[in-house]
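Read the numbers this way: they start at 1 and go in the same order the structure lists the ligands and their atoms. Bear in mind that the values here come from a model prediction, so they are computed numbers and not experimental data. Position 1 is the first residue of the sequence; numbering continues from there.
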Amino acid sequence: MRATVMKSRVRARANIALIKYWGKANPDLNTPAVGSISITLEGLWSETEVEFDLRFTSDTLVLDGDSRPEQLGRVSRCLDLLRERAGVKTHARVISDNNFPTGAGLASSASGFAALSAAAADALQLDLSPRELSIVARRGSGSAARSVFGGYVEMHAGGAADGRDSFAEPLLAADAWPLEVVIAITDRGEKAVGSRAGMERSASSSPYYSAWIATSDSDLRAGRDAILEHDFDALAEIAEHSCLKMHAVAMANRPPLVYWNPATLDCMQAVKALRATGLPVFFTVDAGPQLKAICEPSVRDAVVGALRELPGVADVIVSGLGPGVEIL
Ligand code: PMV
């Protein structure tokens, strides 16, 4: 007999894709149309507490101190998967805090849903493997499947009808190649078009979507090889290509979807200029206007200095690579 109150608190970190995920194979199961490769960030995290209590009459969510009923559907869907496995119907109170801006293209859904899945599974005393946890987290947000793990992570698109082979797994440990990430915040607001809507629109209207899918396997291979060989230049080339190709697909949506602002472009130029002088640094940009510069630790301060001095950059966050989900 389980206790009436079951509670757990988990820290999960944001991740940034170097080989991007864009597009869904099965929107209901939230399986991705392409695989992806990411790095998990030490310094950007969600801490999520999940408490199941027989006295609760519905699930509730408080995110960064505010009640967020519009996000509750996705949260409850994740919780339902775990409740089903545990054979309970108990409602949960979810309290989650991010130590970075929410919904601004900094992968708050990745860290949030990874933390939620791990905390709920732990509270329900389910003994899930990291792979099973990755599959559950995927149902909340595709990129969350990757935040279960630390360091360099590969997400497999999979092909099974039930999504069982659509999970992430570790590629290389964080300390095996300790790169650093410098995030230039160019806008603190929440993005207007979320990744889910943007992806759906790409699949239905972007003429470049089929080319994106067709070239994904070779990008993944190049990214994986560059990481396993610690080949910075090769990783820089394929990561910038994957990023710009993803944005080109979205820009060709109807109606178009442009996530960048002028400062995003200024940051790209600054990174390019630094690399032209021989500094090991490259950029990537997700579904928002922030630019992420990835570099060798020895040049981190030079990268921070160059980005901080751009007029459109409001703030700079620096992070190394970090671990997967941690039960607190
Ligand atoms: O997991 P979602 O639905 O937030 O989508 C993430 C999409 C990108 O951040 C743009 C790319 C990626 O692979 O993380």
Tested for side-chain contact (heavy atoms from CB on, under 4.5 Å) against V303, the lone hit among V182, V316, I294 is V182

NZ/NE/NH1/NH2 to OD/OE distance under 4.0 Å, R93 and E49: no

What class does the angle between the rings of H247 and W260 fall in, given that below 30° is parallel, 30 to 60° is tilted and above 60° is perpendicular? tilted

Derivation and outcome, side chain to side chain contact (heavy atoms under 4.5 Å, CB included), residues R83 and D59: CA-CA 12 Å; R83 280 190 280 243; D59 292 332; 2.8 Å; yes

Please could you name the atoms of ligand 1 that S141 approaches to less than 4.0 Å, counting only its heavy atoms? 1 (O), 2 (P), 4 (O)

Can an N or O of W22 be found at a distance shorter than 3.5 Å from an N or O of ligand 1? no

Kindly confirm or rule out an N or O of S195 lying under 3.5 angstrom from an N or O of ligand 1. yes

So is R196 polar-close to ligand 1, meaning N/O to N/O under 3.5 Å? no

Under 4.0 Å between a Lys/Arg side-chain N and an Asp/Glu carboxylate O for D53 and K7? no

Going by heavy atoms, is S109 under 4.0 Å from ligand 1? yes

With T48 as partner, the option from L61, V10, V94 fulfilling side-chain contact (heavy atoms from CB on, under 4.5 Å) is V94

Should the proximity of R146 to ligand 1, defined as any heavy atom under 4.0 Å, be assigned to the side chain, the backbone, both, or neither? side chain

Within the structure, does K24 bring an N/O atom to less than 3.5 angstrom of an N/O atom in ligand 1? no

Which of the ligand 1 atoms, numbered from 1, are nearer than 4.0 Å to a heavy atom of M246: 10 (C)

State the atoms of ligand 1, each with its element, that fall below the 4.0 Å cut-off from a heavy-atom position in A17. 12 (C), 13 (O), 14 (O)

